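Right, one structure below, let's go through it.
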Amino acid sequence: MPKIHSNEVLNRDFYARPTVTVARELLGKILVHKGKSARILEVEAYLGTGDRAAHSSRGRTPRTQVIFGPPGHAYVYLIYGIHECFNVVAEPEGTAGCVLIRAIENHDGPGKLTRAMEIDRSHYGADLTRGPITIHTGYIHNDEIVEVTPRIGIRQDTHLPLRYKLSSRFK
DNA sequence: GTCACGATTTGT
DNA sequence: CAAATCGTGACG
């Protein structure tokens with residue numbers, strides 16, 4: 001019998017690819033934590049080199065070290081002293097690159113989805129292939145398309161098309 | 001040690 | 001449009 005729907009945890013190889021590829025392919029995947037799960041609807045790619053909007057652009061620091069480490073780990077940081085932002089590390093070990101998760105089903109906004117999923121800085125460096133936070137194979141509906149736009153809220157390299165958003169073909 | 005600032009959200 | 005709120009990184 002053909003499998004019509006799988007629900008497997010994404011493996012290391014999924015993440016060990018170019019950041020833009022990982023970003024685009026994270027759309028429709030399912031974020032799981034503490035018994036809650038929701039599809040990823042919006043992401044942004046932050047590149048390792050030549051991307052001044054990326055935290056990793058000024059090299060390794062205590063905060064950004066995980067971005068240079070092995071792929072498939074969580075980069076979580078505090079923004080504006082208030083909100084936690086959840087990122088997924090991409091690229092092979094030694095190369096920087098990560099994907100900011102901006103929206104999941106029913107929770108639009110980087111700070112809002114982390115609160116909803118109970119993700120915070122205690123998960124910094126967590127291995128997403130092991131848990132407690134995991135990302136699973138998902139689905140994209142036939143009437144959904146991928147929108148590509150500039151990233152939100154940055155002040156440098158503002159025109160790069162690195163934001164990917166799943167939205168209805170109609171609307 | 002000090003200090004300016006941010007990949008946001010919320011309220012006026 | 002402005003406030004909230006604090007860790008980070010640059011500086012020296």
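Just so you know, these numbers come straight off a predicted model, no measurement behind them. Keep in mind that the numbers below use all heavy atoms, side chains included, and drop hydrogens, waters and symmetry copies.
A:Glu91 places a side-chain N or O within donor-acceptor distance of the main-chain N or O of A:Thr19, the cut-off being under 3.5 Å. Listed for the A:Asn11 side chain is a donor-acceptor partner under 3.5 Å among the backbone atoms of A:Phe14. Between the side chain of A:Thr64 and the backbone N or O of A:Thr61 there is at least one donor-acceptor pair closer than 3.5 Å. Checked by atom type and distance alone, the side chain of A:Thr114 pairs as donor or acceptor with a backbone atom of A:Gly111 at under 3.5 Å. Side-chain N or O atoms of A:Arg24 include none that pairs as donor or acceptor with a backbone N or O of A:Thr21 at under 3.5 Å. Here the side chain of A:Tyr164 pairs no donor or acceptor atom with the backbone of A:Ala45 at under 3.5 angstrom.
In summary, of the residues considered (A:Thr158, A:Asp157, A:Asp51), a side-chain hydrogen bond (donor to acceptor under 3.5 Å, both in side chains) with A:Arg151 occurs for A:Asp51 alone.
Taking every heavy atom of residues 80-93 of chain A and every atom of DNA chain C, pairs under 4.0 Å involve A:Tyr80, A:Gly81, A:Ile82, by number. Applying a 4.0 Å cut-off to non-hydrogen atoms, none of the residues of residues 56-70 of chain A approaches DNA chain B.
Using a 4.0 Å heavy-atom distance criterion, A:Leu100 is classed as a base contact. Nucleic acid contact class of A:Arg115 (heavy atoms, under 4.0 Å, all strands): sugar-phosphate only.
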Dot-bracket encoding per residue of DNA chain B, Watson-Crick/G-U cut-off under 3.5 Å, | denoting interstrand = ||||||.||||.

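When the P atom is used for both C:dT5 and B:dT2, the distance is 23 Å, rounded to whole Å.
Atom OH of A:Tyr77 and atom P of B:dA7 are 6 Å apart (whole Å). Atom NE2 in A:His55 sits roughly 10 Å away from atom P in B:dG6 (whole-Å rounding). The NZ atom of A:Lys112 sits 10 Å away from the P atom of B:dG11 (whole-angstrom rounding). The separation between A:Ile152 atom CD1 and B:dT9 atom C1' is 14 Å, rounded to whole Å. For the pair A:His107 NE2 and B:dT8 P, the computed distance is 18 Å after rounding to whole Å. One atom, CZ of A:Arg121, and another, C1' of B:dA7, lie 15 Å apart when rounded to the nearest Å. Put simply, CG on A:Asp51 is 10 Å from C1' on B:dA7, counting in whole angstrom units. The distance between atom CD of A:Glu42 and atom P of B:dT8, rounded to the nearest whole Å, is 10 Å.
For the pair A:Arg155 and A:Leu113, both in contact range of DNA chain B, the more 5′-proximal nearest nucleotide belongs to A:Arg155.
Following chains of ILVMFWY side-chain contacts shorter than 4.5 Å, one can reach A:Tyr15 starting from A:Ile119, so the two form part of one hydrophobic cluster.
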With ring pair (Phe, Tyr, Trp, His ring centres under 6.0 Å) as the test, would you mind laying out the steps for A:Tyr139 and A:His141 before giving the verdict?
-> CA-CA 7 Å; A:Tyr139 53 89; A:His141 288 130; 5.2 Å; yes

Between A:Glu118 and A:Lys34, is a salt bridge (charged side-chain N to carboxylate O under 4.0 Å, His left out) present by the stated rule, with each step listed?
-> CA-CA 8 Å; A:Glu118 296 184 61; A:Lys34 286 204 171 183; 3.2 Å; yes

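Nearest heavy-atom pair across A:Leu113 and A:Ala103 is CD2-N, 3.5 Å. A:Arg12 and A:His73 make their closest contact through NH1-NE2, 3.5 Å (heavy atoms, listed as atom of the first residue, atom of the second, distance).
Stacking of A:Tyr46 onto the six-membered ring of B:dA7 is present: less than 5.5 angstrom between centres, less than 30° between planes.
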